[in-house]
Amino acid sequence: MKAKKAIAVLSVAVMMTGMLAGCTSGNTTDTAAANTTEAGTTTEMSETRPEGTSDNNGTETADLSEHVEITIGGINMVSSDTVEGWPTEIVQQIEEKFNVTLKTKPYDNESLNLDLSGGTTCDIVQINDDHIAGVLKGKHAVDLDTYGDIAKNINSDKMSFRNDVIRTFKSNGEGKLYFVTPRVLMKDTDPSYGANLNYGYVVRWDLYKQIGCPEISNDDEYIEALKKMKEIYPETEEGLPVYALGVMNDMQLFSYFFKGCLNEGYANLEGGIYVQNALTNELVPDLYDAGNPEVVTPFWSGVKFYNKLYKEGLLDPDCFITKQEDLRDKYTKGQYLGGIVDWHFGVYNEKQRVGDPETLNQYVVLPAKLGWTNEQNRAGWTGKYFFVSSHSPNVERAVMVLDYIQSEECSRIIDSGVEGRWEKSEKGTPELTQDTIQLKMDGNRLDEWKKSGIGSTFSDMAGFDGNNVAADGGKISLWNEADVLTDSLTAAQKDMCETLGLSLPSDLLKNKIESGEGIDLSNCKSYIRIGIEITPKDIVRIDSNCEELTMNALPDLIQAEDDAAFAAAKEKLINQLKDAGAQDSVDWWQSAWETTLKGLENIE
């Protein structure tokens with residue numbers, strides 16, 4: 001979540017962004033992930049490497065005459081075989097630069113553990129916190145510090161804070177750089193709200209306008225708006241049933257705690273079992289709230305919201321078996337009226353514009369209390385760690401590819417397209433061409449847009465945050481330039497601005513923050529989460545059991561017929577969590593959090 005763009009999912013439809021930091025995958029159910037290869041630890045790799053010949057830029061030091069295949073695998077990635085437009089223009093540029101063929105591969109815990117234990121991982125691998133211990137113990141990652149001459153982007157001064165955090169907290173005390181994270185934000189970068197919001201209260205603009213654009217500042221007001229929208233749109237034009245929204249179940253508890261994070265003002269850690277107060281940076285137990293009952297935590301806020309939807313008959317009855325692909329399919333068919341993130345819309349918006357470029361039938365996002373923007377990702381996105389596999393037959397080439405993807409140059413093309421999709425202005429700064437802006441807007445050019453690769457496959461790998469200013473004076477994402485934000489609005493978004501008296505849809509959030517009614521993540525130090533030490537096996541087991549118990553309790557909570565039934569279901573779960581050792585977990589996490597804060601004092 002993205003987010004992210006939570007937890008987050010790497011695909012053209014998802015376009016995370018994120019979100020997925022805060023919206024990253026929270027799968028902690030497989031404790032084997034933290035114990036990877038104990039029985040199959042590989043032979044220790046040498047710290048030395050073949051000699052290369054460095055050029056001025058440090059990007060082409062190995063012999064590139066042999067064409068090789070470089071595979072990139074990751075948790076929740078999608079296979080390049082299923083990506084429309086592959087290889088995209090961006091992929092082709094990287095392939096030509098390094099004389100490689102690029103492929104991507106999805107991993108889950110089981111398949112990743114299998115490849116790690118067999119020494120058959122992809123050349124470049126993305127993992128989350130659950131897998132750090134196994135990768136380090138099995139010596140599956142190369143030390144990027146030993147590749148300084150061909151990893152100059154990774155080891156640049158701009159990345160020094162990120163690298164120091166990783167060396168300090170993700171190397172088993174060795175002080176080595178085994179991992180890199182994406183989307184690093186430079187210190188003192190100016191705030192930015194973009195053109196549109198990605199997370200909050202989703203509505204169908206055409207229907208929301210028909211009911212008079214009622215103010216939505218809390219869940220109850222949102223539910224009332226959803227009820228009114230459904231009254232005028234009970235089924236699709238094809239006769240399919242319409243619901244307020246659905247819930248995905250293939251990212252564990254994400255849909256529940258992330259909804260609450262937006263509502264209550266928290267950022268989530270990996271699995272949502274613990275959350276971080278976005279204003280105070282305090283660690284708060286999310287599921288097991290017995291020690292702080294007066295605080296409404298994100299998970300319980302989210303579950304209560306879905307329970308209210310259920311009692312109003314607005315929740316998709318398939319909510320307990322729905323996966324992300326099911327959500328995208330139902331959004332594409334227009335079966336949902338709302339939601340909490342924009343990366344499940346499928347191609348509904350695009351398809352509507354194909355039939356009518358001026359259509360108002362579009363999903364848009366209204367702000368919740370927390371706007372997931374301006375997060376201080378000075379050490380990159382949490383929960384997304386990339387390493388070059390020590391088992392790769394082409395380690396140097398893999399290092400070079402990863403290093404390039406982490407560069408300013410490649411981050412620019414990932415967000416803005418290859419050069420030609422943008423060009424230098426008369427002022428000497430880069431700007432998107434009008435054709436590129438039109439390409440994004442024109443639903444009839446959807447295939448060409450996908451082929452461009454802009455904002456798609458490598459968005460979760462780019463080294464630099466899109467709001468950073470590059471050496472050429474333009475932002476990494478040229479879509480974030482002020483004059484482009486307005487130009488890239490759809491007819492529905494422009495109508496939204498005209499109707500509500502805005503310059504940009506994102507002004508809704510900006511105005512709430514400036515009035516003190518909303519908050520963003522400008523005070524939230526996300527890098528604290530990266531610094532948390534490797535979780536001990538007994539705590540991993542407790543957390544995994546607590547997550548499983550909670551997943552099993554969701555039907556009784558969400559389908560509770562009244563407040564008494566909900567309270568009884570909650571009490572039952574809290575007692576189960578207590579018996580599972582939740583308090584021991586709370587004690588460890590709070591201690592680890594304080595230890596991390598002290599460790600960061602010397603880096604900050």
- Sequence neighbours excluded, which residues qualify as salt bridge (charged side-chain N to carboxylate O under 4.0 Å, His left out) partners of Asp563? Lys304, Lys311
- Note on the structure: ring pair (Phe, Tyr, Trp, His ring centres under 6.0 Å) filter on Trp593, not counting sequence neighbours, yields none
- Message: Tell me whether the count of non-hydrogen atoms from other residues, nucleotides or ligands lying under 6.0 Å of CD in Glu221 goes above 12.
- Response: yes
- When you measure from the side chain of Ser411 to the backbone N and O of Phe464, does any donor-acceptor pair fall under 3.5 Å? yes
- For residues His131 and Asn109, is any side-chain donor paired with an opposing acceptor at under 3.5 Å? yes
- Is it true that a side-chain atom of Ser171 and a backbone atom of Leu177 form a donor plus acceptor pair closer than 3.5 Å? no
- Main-chain N/O of Cys546 paired with Thr550 side-chain donor or acceptor, under 3.5 Å: yes
- State whether a side-chain donor-acceptor pair under 3.5 Å links Asp123 with Ser389. no
- In terms of ring plane angle, is the pair Phe179 and Phe387 parallel, tilted or perpendicular, where the classes change at 30° and 60°? perpendicular
- Results of ring pair (Phe, Tyr, Trp, His ring centres under 6.0 Å) for Tyr336 - residues two or more places apart only: Tyr331
- Please answer whether the main-chain N or O of Lys105 pairs with a side-chain N or O of Ser79 as donor and acceptor at a distance below 3.5 Å. no
- Decide salt bridge (charged side-chain N to carboxylate O under 4.0 Å, His left out) for Glu548 and Arg541; before the verdict, give the C-alpha distance in whole Å, the side-chain angles of both, and the deciding distance to 0.1 Å. CA-CA 11 Å; Glu548 184 176 358; Arg541 183 174 60 254; over 6 Å; no
- Can any side-chain N or O of Gln559 pair as donor or acceptor with the backbone N or O of Pro555 at less than 3.5 Å? yes
- Item | Residue pair Asp520, Lys512: steps toward the salt bridge (charged side-chain N to carboxylate O under 4.0 Å, His left out) verdict | CA-CA 10 Å; Asp520 62 8; Lys512 286 189 69 170; over 6 Å; no
- Query: Just by distance, do the side chain of Tyr274 and the backbone of Asn268 share a donor-acceptor pair under 3.5 Å?
  - Reply: no
- Message: Less than 3.5 Å apart, any donor N or O on the side chain of Asp460 or Trp381 sitting next to an acceptor on the other?
- Response: no
- Sequence neighbours excluded, which residues qualify as salt bridge (charged side-chain N to carboxylate O under 4.0 Å, His left out) partners of Lys103? none
- Task: Working to the nearest 0.5 Å, report the span between OH of Tyr243 and CG of Leu315.
- Result: 10.0 Å
- Ile530 vs Ile166 side-chain heavy atoms within contact, under 4.5 Å: yes
- Query: Is the Phe254 ring parallel, tilted or perpendicular to the Phe257 ring (thresholds 30°, 60°)?
  - Reply: perpendicular
- Message: Determine whether Asn377 and Tyr527 satisfy the following criterion, side chain to side chain donor-acceptor pair (under 3.5 Å), listing intermediate values before the conclusion.
- Response: CA-CA 6 Å; Asn377 292 311; Tyr527 46 87; over 6 Å; no
- Note on the structure: Sorted by chain and number, sequence neighbours left out, ring pair (Phe, Tyr, Trp, His ring centres under 6.0 Å) with Tyr385 holds for none
- What are the two closest non-hydrogen atoms of Ala244 and Leu226, and how far apart are they? CB-CD1, 3.8 Å
- Take Val125 and Leu112, measure what side-chain contact (heavy atoms from CB on, under 4.5 Å) needs, and give me the verdict at the end. CA-CA 9 Å; Val125 185; Leu112 175 62; 4.0 Å; yes
- Query: Does a side chain donor of either Glu561 or Tyr310 reach within less than 3.5 Å of an acceptor in the other side chain?
  - Reply: yes
- Could you please spell out the steps behind the side-chain contact (heavy atoms from CB on, under 4.5 Å) verdict for Val303 and Lys308? CA-CA 9 Å; Val303 170; Lys308 290 179 179 179; over 6 Å; no
- Message: Could you check whether Asp143 and Tyr178, counting side-chain N and O atoms only, form a donor-acceptor pair closer than 3.5 Å?
- Response: no
- Task: Using the test ring pair (Phe, Tyr, Trp, His ring centres under 6.0 Å), find all partners of Phe386 that sit at least two apart in sequence or belong to another chain.
- Result: none
- Ignoring hydrogens and geometry, is there a side-chain-to-backbone donor-acceptor pair from Asn128 to Gly383 under 3.5 Å? no
- Message: Restricting to salt bridge (charged side-chain N to carboxylate O under 4.0 Å, His left out), what partner residues turn up for Asp108, sequence neighbours left out?
- Response: none
Taking only distance into account, with no hydrogens and no angle test, what donor-acceptor pairs under 3.5 Å do side-chain atoms of residues 293-300 form with protein atoms, sequence neighbours excluded?
| residue | atom | partner | partner atom | Å |
| --- | --- | --- | --- | --- |
| Thr297 | OG1 | Asp286 | O | 2.8 |
| Thr297 | OG1 | Asp286 | OD1 | 3.2 |
| Trp300 | NE1 | Leu287 | O | 2.8 |

- Decide salt bridge (charged side-chain N to carboxylate O under 4.0 Å, His left out) for Arg167 and Asp164; before the verdict, give the C-alpha distance in whole Å, the side-chain angles of both, and the deciding distance to 0.1 Å. CA-CA 5 Å; Arg167 291 189 187 102; Asp164 286 345; 3.2 Å; yes
- Would you please test Cys261 and Val275 for side-chain contact (heavy atoms from CB on, under 4.5 Å) and show each step? CA-CA 8 Å; Cys261 282; Val275 289; 4.2 Å; yes
- Any residue meeting side chain to side chain contact (heavy atoms under 4.5 Å, CB included) with Thr595, in chain and number order, not counting sequence neighbours: Ser591
- Nearest heavy-atom approach of Met461 to Gln406 is O-NE2, 3.5 Å
- Item | Partner set under side chain to side chain contact (heavy atoms under 4.5 Å, CB included) for Asp326, not counting sequence neighbours | Thr322, Lys323
- Leu309 side, atom CG; Ile223 side, atom CD1 - distance, nearest 0.5 Å: 4.5 Å
- Would you tell me whether Asp543 and Ser585 have side-chain atoms, one donor and one acceptor, within less than 3.5 Å of each other? yes
- Message: When you measure from the side chain of Asn374 to the backbone of Pro191, do you find a donor-acceptor pair of N or O atoms at a distance under 3.5 Å?
- Response: no
- Note on the structure: When every non-hydrogen atom of Ala462 is compared with those of Ile414, the smallest separation belongs to CB-CD1, 3.8 Å
- Thr104 backbone acceptor or donor facing Ser80 side chain under 3.5 Å: yes
- Message: Is it the case that the side chain of Gln126 and the backbone of Ile75 share a donor-acceptor pair, with hydrogens and angles ignored and the cut-off at 3.5 Å?
- Response: yes
- Task: Would you list the pairs meeting side-chain hydrogen bond (donor to acceptor under 3.5 Å, both in side chains) in which at least one residue belongs to residues 253-262, sequence neighbours left out?
- Result: Asp219-Lys259, Lys259-Asn263
- Message: Tell me every residue that passes side chain to side chain contact (heavy atoms under 4.5 Å, CB included) with Thr596, counting only those two or more places apart in sequence or in another chain.
- Response: Phe169, Ile528, Ile532, Leu600
